[in-house]
Amino acid sequence: MGVCEALEPGDVVFGYYRCHALYLAKGGDLRALVAELFGKATGCTKGKGGSMHLIDARRGVMGASAIVGTTIANAVGYAYAQKYCRRPNIVACFFGDGATEEGVFAESLNFAVLKKLPILFVCENNFYAIHTHQNKRQGLPDIRARAQAFGMRAERLDGNDIFELCRCSADAVRSIRAGQGPRFLEVTTYRWREHVGPGCDYHLGYRSEAEAQPWQDADPLRRLARLIDDQHRREMENEVEQEIADAFAFAEQSEFPSATELYTDVFKEEAHAAAGA
Amino acid sequence: MPQPVLDSASRSATSSHRILSYVDAVREATDLEMACDPAVIVFGLDVDDPKAIQGTVRGLLEKYGPERVFGTPLSEDAMTGTAVGMALAGLRPIHVHIRMDFLMLAMNQLVNVAAKCRYMYGGQVHVPLVVRAMIGKSWGQGAQHSQGLHSFFMHVPGLKVVAPSTPYDAKGCLSAAVRDDDPVIYVEHRLLHFQSGPVPPERYQVWPGKARITAKGNDLTIVGISYMQIECLRAQRLLARIGIHAEVIDPIWLSPLDIDTIAASVEKTGRLLVVDNGWTNCGAAAEIVAQIGEKLAPLRDLRLKRMGFAPVTCPTTPALEELFYPNARTIAAQARNLVEGAETGWLPEIPEELQTTAFKGPF
């Protein structure tokens, strides 16, 4: 949210499988998101991609991958095209701490610096890949330092401080837009719930409630909410609740895709055949 | 010097009398596509080096500049992902690999991303990407420089695969691949680079959907894939000397595959030999044989046979490498066995006019 605040509508973002907030922050359509979760034809990918592959190309949400690290290279390629086509827009690419262990992370950062591409790398470091802490996975847990080693300016900041995140993002985006090449933000945060699903997972024993508590106390949403007067806040909450209710109603009323949809969108020819049918 | 074996076959596809090498056909197709569309860019390891990818990109750097023609870091994974990102942004990248084996480093981006984007994003985006991949042979290419892995990609919905064997098709298929709105794996065999044949100077496309009958016959059908098309046409001549008339087919596009042309031929001949430039197990030959079996087994008697690499890792010593690959002699022998329905023990010698002299190395 803090990063997308600094982006223009024409800028482009790439995400990963936890892409719902990014999708909404960049302006992605809420109805299409919920319909997608319901597997309906009105979903953002007609029910074909699901929760891990949200996209809204018109709003510059260019997709998300369920293979860790994969979209980093795609974002770099998009940034190359932006620069080559002399477009004013930049690319922001989001990934987790686990992605920085993939080879594609190192390869992509190297190329982005080599070609001085208009791209902002945003590493959401929540310290865990599924159930394994960063300390068990990385010889040098300082992700910012590793990014710096490729030759770009990198910063580490508290991702729960929304104002600091907005300030750093705006500064980085300004510099990227001015043609100064890629920038890197390591943003610390925390995963409250289990890897997949709505439940808590303290019973697994890989982390404790005591570890999670300070992060939950520092919830950026609550911190932000405290800055708004009660009446204004209630109005906003009502508005959002209404929007959510509308999206769920829309999703429930929408149809599932027809059987012929199974075979469309493999190649362009199939798309044409379907359109003609 | 012997005439290039494919001349007569290619001439039937074109009225042009201009003779070009396969290398120059690839270069010309790239040049013409780049000239008419600034979205076309070319890159890969060593693309901008003095050897210019065996000459296939020669002169393009000077003509189009380093933003459109560039060498890359040794990062096949990320550079493939980068190519996908460029394609999502509206470019038409051609990513070049001097060995197909290197694609193993790029499988995630090719299989999990390029092939999937159009479908998993519900048709919102598409990936007009061309991946040129060369298969090596001889001169000590060995285990990791010789693999024909096209069947890996044929397996995956969302990818197209083409393996042209003539200069005419090399140019037309590359142009078609660049114009295609979906990802295409363009398979070049290094030995095919030394083929010459008629190539019209203008821009044209050889689209998916049509296999080419490269020799007419009624006794059996031989399908030769990529470089094996050359060996099959040599085998066809050896067979003609003993009165066996083989119909030889070049599928050109492997995915989507024009099975109907092959089926029509096998319906006539009843015998099918598929010779692949790869392993037979779960390979392109297995797929073609299976499809023909499904289509024609209910209709008529069939004799089916696959040939391909020996089911081992490719060795470097010529003494063993010679045994690793099918060749005109072993293809002709298997074809005769298929026609006669028995092991004949026949293994013809290669006459002088069918021997190759074009390639003398080094790679």
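Note that this is a predicted model, so its numbers are computed, not measured. In what follows, chains are A, B, ... by sequence order, proteins preceding strands, each numbered from 1.
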Please state whether the side chain, the backbone, both or neither of [X] comes within less than 4.5 Å of a heavy atom of chain B.
X: A:Ile67; value: side chain
X: A:Glu261; value: backbone
X: A:Ala75; value: neither
X: A:Phe14; value: side chain
X: A:Leu109; value: neither
X: A:Leu54; value: backbone

So with a 6.0 Å cut-off around [atom1] of [X], is the heavy-atom count from everything else above 12?
X: B:Gln144; atom1: CD; result: no
X: A:Glu255; atom1: CD; result: no
X: A:His20; atom1: NE2; result: yes
X: B:Met107; atom1: CE; result: yes

If I compare all heavy atoms of [X] with all of [Y], which pair ends up nearest, and what's the gap?
X: A:Leu114; Y: B:Pro73; result: CD2-CG, 4.1 Å
X: B:Gly123; Y: A:Asp265; result: CA-OD1, 3.6 Å
X: B:Val125; Y: A:Ala57; result: CG1-CB, 4.4 Å
X: A:Ala73; Y: B:Ala78; result: CB-O, 3.5 Å

(message) Checking B:Gln124 against A:Asp56: is there a side-chain donor and acceptor pair closer than 3.5 Å?
(response) no

(message) For B:Asn112 and A:Ser65, which I'm curious about, is there any donor-acceptor pair between the side chains at under 3.5 Å?
(response) no

Within-4.5 Å side-chain heavy-atom neighbours: [X] and [Y]:
X: A:Met62; Y: B:Tyr121; result: no
X: A:Leu262; Y: B:Tyr119; result: yes
X: B:Arg118; Y: A:Lys268; result: yes

(message) Tell me whether the rings of A:Tyr80 and B:Phe70 are parallel (<30°), tilted (30 to 60°) or perpendicular (>60°).
(response)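 Rings of A:Tyr80 and B:Phe70: tilted, 30 to 60°.
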
Is it the side chain or the backbone of [X] that comes within 4.5 Å of chain A heavy atoms, both, or neither?
X: B:Pro66; answer: backbone
X: B:Pro38; answer: both
X: B:Glu67; answer: both
X: B:Leu91; answer: side chain
X: B:Ile41; answer: side chain
X: B:Asp77; answer: both
X: B:Lys116; answer: neither

(request) Among B:Val127, B:Thr80, B:Thr82, B:Val84, find the residue that satisfies the side-chain contact (heavy atoms from CB on, under 4.5 Å) test when tested with A:Asn74. (result) B:Val84

(request) Mind ranking B:Pro183, B:Ser75, B:Ala39, B:Ala83 by heavy-atom pairs under 4.5 Å with chain A and telling me who comes out on top? (result)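 Going by pairs under 4.5 Å, I would pick B:Ser75.
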
